[in-house]
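Here's the structure, in structure tokens; my notes come after.
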Amino acid sequence: MRRSVTLILLLALLAAGILTGSTLALDSKGDQVTITTHALAGDPSTAEGLTVNFPLIMGGCLFWDISFPADQPEQAAAQFRYDPDAESPSDTDDQASVDFLLASTSYSDIYLLGGSLWEDVPPALTAMLKQLAAGMEPDTERTRTVRLTDYMDCWPLKAYLPDCPLPTSVLNQRMSEYFTVPIPQDYQVEVELATNRLGDLNHVVCRKEEHYLFQSDAWSFETPQGYLFTFPNTYYDGQLTQSVPIDSSRLLAGWGLYRLTLNSDNTDGQLETVYTLPEGSEILDFLADGDKSTFFLLTREEGMLRLRVFDERAALQNTFDLLPMGKEDHYMQTYAGADFLVPMLYGEGPDSYRLAVVAADSQGWQPDFTFSLAEQAALGVKGISWLDTYLCPLSMDYADGRLAIRDAYGDYGENNFYISVYTGDGLAYLGTYESSLTIPAVLQTEYDIATNKSTVCTLPPVVTTPLLNWSETPS
């Protein structure tokens, strides 16, 4: 009990910044980290030339940078430091979005209206709210259920493109004018309104119908020609059981790839469709390489996962069918490396994950091979981590026809992980790895508030950005 109380006090002091490097002497073995491994399939020599690096943080002030050859983990080297003033890693992702207001999965359903905030509300929605609030007394509330098509024909849009200087109200207006998507005739919204003591409408809650769940994430890249973007063209039913196409009957150029070009003083912009997809295409993802000289559009078409490659001016260069994609298959994500892509699909069960490797060479971008995770799932290593998870443990690297994967494994996934190597022939190597910093391993300190004896800290370290790197070709 005393040890637990001591540890809690120590951690509290660490969090408060009271203990510094001069008052807290860390054990001299802090940089002595061991990695143990167990080969489940193939020969570890298949991973020769692969370096594994993963930084760890514990308690926001203890830092390790660990690296080792994947085929010789006994050569692990670690750098350790204690820094109570260091900033912990944060999620800095700035995601573009296109919201179909009153129908989007990310729409908060709440407006706090008053003064200049009205400027960001689309005109059609503003007119509806003011009409519903007509005649309200100060400090009163009102609830109305309305059919949305009695007030507007098409969805009002709210958009966000990172780093775009166009005023929000102008961007929303241009997007709503360009993407004219009809509202279903039966769509109803429950609207709650409230006024303040001056009689101004200052609070609105709009509750949407749950069987229309529009996605809101979009993908946008700033280019010399303007902002290149697209967004999903499907929505999910209320039970999240099926993907339903968004009505494109009023879109002049259909679904595809779009560009927003701003005027000279960034006060207005013009939208255009730079590439139109065939009817029935489902937009899944849009990516760019590091210098935004190549863009990649992934779609579901004709039962296939299809990849289109565009140059820096959004001119189509190549089209590839990567994987069969039936109705039971779902697009998961794409891992983007410096010169390779790995799109991923999943179906029902842990053995349903299928991946494709696309790589750049002197001839441009080309598919290399595809594979399934069924074999490693049968060996107890199941699934793969989502990239949009904060401090994601997933890392990949590709070279010379070999794809290496590093991902979390086991009950303490932050530090227990696996490494697999795939080639065109399938699984070439699979091994599990465990760091000595994994629970129940401990980090000892030289300081105890009550007894001046060593205390024991069993908080699990957190992996920040794991990296794999093929440094050489096996002989």
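Since this is a predicted model, take the numbers as computed values, not measurements.
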T294 versus V309: any side-chain heavy-atom pair under 4.5 Å?
-> yes
Whether N416 side chain and E434 backbone form a donor-acceptor pair below 3.5 Å | no
Side-chain donor-acceptor contact under 3.5 Å, D289 with S293 | yes
Check ion pair R81-D83 (N to O, under 4.0 angstrom) | yes
Would T273 and Y178 count as a side chain to side chain contact (heavy atoms under 4.5 Å, CB included) if you check the C-alpha gap in whole Å, the side-chain angles of each, and the deciding distance to 0.1 Å?
-> CA-CA 10 Å; T273 302; Y178 196 81; 2.7 Å; yes
Contact check, side chains of F320 and Q366, non-hydrogen atoms, under 4.5 Å = yes
Kindly indicate whether the side chain of Q95, heavy atoms from C-beta on, has any atom under 4.5 Å from the side chain of W219.
-> yes
Sub-6.0 Å ring centroid separation between F417 and Y433 | yes
If the plane angle is over 60° it's perpendicular, under 30° parallel, otherwise tilted; pick one for F340 and Y335.
-> parallel
Under 3.5 Å donor-acceptor, R306 side chain and L297 backbone = no
Run the side chain to side chain donor-acceptor pair (under 3.5 Å) check on D43 and S45 step by step: do they pass?
-> CA-CA 5 Å; D43 192 320; S45 63; 3.1 Å; yes
Which residue, F221, Y275, F295, F286, forms the ring pair (Phe, Tyr, Trp, His ring centres under 6.0 Å) with F310?
-> Y275
When rounded to the nearest 0.5 Å, the distance separating CG of L467 from CZ of R406 is 9.5 Å
Where do Y82 and F63 land on the ring pair (Phe, Tyr, Trp, His ring centres under 6.0 Å) test, with the steps shown first?
-> CA-CA 6 Å; Y82 165 66; F63 298 84; 8.9 Å; no
Within the side chain of E375, is there an N or O that forms a donor-acceptor pair under 3.5 Å with the backbone of L373?
-> no
How many angstroms lie between CZ in R300 and CD in E282, if you round to the nearest 0.5 Å?
-> 4.5 Å
Hey, does the side chain of S395 reach the backbone of L468 with a donor-acceptor pair shorter than 3.5 angstrom?
-> yes
Show the numbers, then the answer: is there a side chain to side chain donor-acceptor pair (under 3.5 Å) between N469 and N53?
-> CA-CA 8 Å; N469 179 52; N53 177 268; over 6 Å; no
Evaluate the side-chain proximity of I384 to L394: yes if any heavy-atom separation is below 4.5 Å, no if none is.
-> yes
Any chance you could lay out the side chain to side chain donor-acceptor pair (under 3.5 Å) test for D339 and Y398, step after step, and finish with the verdict?
-> CA-CA 8 Å; D339 54 5; Y398 169 86; over 6 Å; no
Derivation of the ring pair (Phe, Tyr, Trp, His ring centres under 6.0 Å) call for F54 and W64 = CA-CA 8 Å; F54 61 104; W64 291 262; over 10 Å; no
Are R354 and Y346 in a cation-pi contact, defined as NZ or CZ under 6.0 Å from the six-membered ring centre and within 45° of the axis?
-> no
Say whether, by atom type as modelled, one donor and one acceptor occur between the side chain of D247 and the main chain of P182 under 3.5 angstrom.
-> no
Can you tell me how far the OH atom of Y160 sits from the CE atom of M175, to the nearest 0.5 Å?
-> 13.5 Å
Over all heavy atoms of both residues, which pair between G383 and Y353 is shortest? Give the atoms and the distance, please.
-> CA-CE1, 3.6 Å
What distance do H330 atom NE2 and M325 atom CE have between them, rounded to the nearest 0.5 Å?
-> 8.5 Å
Indicate the ring-plane relationship of F371 and Y422, choosing parallel, tilted or perpendicular according to the 30° and 60° boundaries.
-> parallel
Passes side chain to side chain contact (heavy atoms under 4.5 Å, CB included), W255 versus T230? Steps please.
-> CA-CA 9 Å; W255 297 116; T230 190; over 6 Å; no
Heavy-atom nearest pair, H38 first then L40, reads CD2-CD2, 3.2 Å
Got a sec: does the CG of D291 have more than 12 other heavy atoms crowding it under 6.0 Å?
-> yes
Ignoring hydrogens and geometry, is there a side-chain-to-backbone donor-acceptor pair from S281 to L277 under 3.5 Å?
-> no
Atom OG1 in T37, atom CD in E74: separation rounded to 0.5 Å?
-> 9.5 Å
Sidechain-backbone polar pair: S420 side chain, L430 backbone, donor-acceptor under 3.5 Å | no
Does the side chain of V98 come within less than 4.5 Å of L157's, by heavy atoms?
-> yes
Closest non-hydrogen atom pair between I419 and A70, with its separation = CD1-CB, 4.2 Å
Check the pair T334 / L287 against side chain to side chain contact (heavy atoms under 4.5 Å, CB included), numbers first and verdict last.
-> CA-CA 9 Å; T334 292; L287 308 98; 4.0 Å; yes
Does a side-chain N-to-carboxylate-O contact under 4.0 Å join R308 and E301?
-> yes
Taking all heavy atoms of I66 and all of A78, pick out the closest pair and write down the distance.
-> CG1-CB, 4.0 Å
Measure across W365 and V358 and return the closest heavy-atom pair with its distance rounded to 0.1 Å.
-> CZ3-O, 3.8 Å
Mark yes when over 12 heavy atoms from residues, nucleotides or ligands other than Q79 sit less than 6.0 Å from its CD; otherwise mark no.
-> no
Do T299 side-chain atoms and I283 backbone N/O form a donor-acceptor pair below 3.5 Å?
-> no
Exam field: side chain Y258 to backbone G256, donor-acceptor pair closer than 3.5 Å | yes
Take atom CD in E279; do more than 12 heavy atoms of anything else shown fall under 6.0 Å from it?
-> no
Any donor-acceptor pair under 3.5 Å linking the side chain of K292 with the backbone of T223?
-> no
Side-chain touch P343/L322, heavy atoms, less than 4.5 angstrom | yes
Drop me the distance from L387's CG to M344's CE, to the nearest 0.5 angstrom.
-> 5.0 Å
Would you call L345 and L355 a side-chain contact if the rule is heavy atoms closer than 4.5 Å?
-> no
Worked check of side chain to side chain contact (heavy atoms under 4.5 Å, CB included) between D425 and F369 = CA-CA 9 Å; D425 295 325; F369 61 90; over 6 Å; no
If every non-hydrogen atom of D329 is compared with every non-hydrogen atom of G347, which pair is closest and at what distance?
-> OD1-CA, 4.2 Å
Could you tell me if the ring centre of F179 sits under 6.0 Å from that of W155?
-> no
Mind checking whether P245 and N233 have side chains closer than 4.5 Å, heavy atoms only?
-> no
